[in-house]
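For this chain, numbers begin at 1 and follow the sequence in order. What you see is a predicted model, and the numbers here were worked out from it, not measured in a lab. All heavy atoms count here, side chains included; hydrogens, waters and symmetry mates do not.
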Amino acid sequence: MTESAELAALEDLGTGYGIAGILRAAPALEAAGRDLLPQDGTDPAALRDEAARLLRRRAPRAGLAAALPAVLARRDLRRPTGPAPRGLADRIAVVIAGLTGRC
């Protein structure tokens, strides 16, 4: 993988993490009278699909530590009931990804 391809993969993982974070925070923000979701009518399901697509990228070995939050974002997107507190299983998933080098 070339350096530019590695940077592009990290950028996609970071963008996916950001989108997933906004989606995770959306219910709490809405309850507080705030909204970070696009106001152009974009469906949150489309945002979820885009985040999932971006998070499928493979992290380069050299950037693994920077990409580990993507593990949490993937887990957040798979939760059917919406945002839930992160627990021990989430922490273990990040540790395993770090130890195996597969993020």
Side-chain angles (χ1 to χ4, degrees):
M1 193 182 269
T2 67
E3 186 175 323
S4 62
E6 289 177 349
L7 290 175
L10 286 174
E11 184 177 305
D12 284 351
L13 289 166
T15 301
Y17 176 78
I19 294 169
I22 289 171
L23 291 170
R24 184 176 197 273
L29 290 172
E30 185 178 354
R34 298 183 60 209
D35 188 6
L36 294 180
L37 295 173
Q39 301 301 303
D40 65 357
T42 301
D43 182 18
L47 290 174
R48 180 176 298 277
D49 293 343
E50 179 63 10
R53 184 188 69 76
L54 292 168
L55 289 166
R56 280 194 288 274
R57 292 292 302 263
R58 193 82 149 153
R61 187 81 170 143
L64 182 64
L68 286 175
V71 173
L72 296 173
R74 286 185 199 111
R75 292 176 65 85
D76 288 344
L77 290 176
R78 287 194 303 256
R79 287 189 168 99
T81 59
R86 291 190 177 127
L88 182 60
D90 294 310
R91 290 180 184 93
I92 291 171
V94 172
V95 170
I96 290 171
L99 291 174
T100 61
R102 298 166 76 192
C103 176

Counting distance only, does the side-chain N/O of Arg74 pair as donor-acceptor with the main-chain N or O of Leu55 below 3.5 Å? yes
Closest non-hydrogen atom pair between Ala97 and Leu64, with its separation: O-CD2, 4.1 Å
Considering non-hydrogen atoms only, spot the tightest contact between Ala73 and Ala20 and give its length. CB-CB, 3.8 Å
What are the two closest non-hydrogen atoms of Gly101 and Arg61, and how far apart are they? CA-NH1, 2.9 Å
Going hydrophobic residue to hydrophobic residue with side-chain gaps under 4.5 angstrom, can you get from Leu10 over to Leu68? no
Distance (rounded to the nearest 0.5 Å) between Leu36 CG and Glu30 CD: 11.5 Å
Spacing of Leu7 atom CG and Met1 atom CE [to the nearest 0.5 Å]: 10.5 Å
Would you say that more than 12 heavy atoms from the other residues, nucleotides or ligands in this model lie under 6.0 Å from the CD of Gln39, or not? yes
CG/Leu54 to OH/Tyr17 distance, rounded to the nearest 0.5 angstrom? 15.0 Å
When rounded to the nearest 0.5 angstrom, what is the spacing between CD1 in Ile96 and SG in Cys103? 13.0 Å
Ignoring hydrogens and angles, tell me if any N or O in the side chain of Arg48 forms a donor-acceptor pair with the backbone of Leu77 under 3.5 Å. yes
Taking C-beta and beyond as the side chain, do Leu23 and Leu37 meet within less than 4.5 Å on heavy atoms? yes
Taking side-chain hydrogen bond (donor to acceptor under 3.5 Å, both in side chains) as the cut-off, I'd like each qualifying pair that reaches into residues 87-103, sequence neighbours left out, listed once. Arg75-Asp90, Arg79-Asp90
Thr42 side-chain N/O to Pro38 backbone N/O, donor-acceptor pair under 3.5 Å: no
So, taking the atom named CD in Glu50 and the one named CG in Asp12, what distance separates them when rounded to the nearest 0.5 Å? 8.5 Å
Between Arg86 and Asp76, is there a side-chain N and carboxylate O pair less than 4.0 Å apart? yes
Taking every heavy atom of Pro69 against every heavy atom of Ala65, the minimum-distance pair comes out as CD-O, 4.1 Å
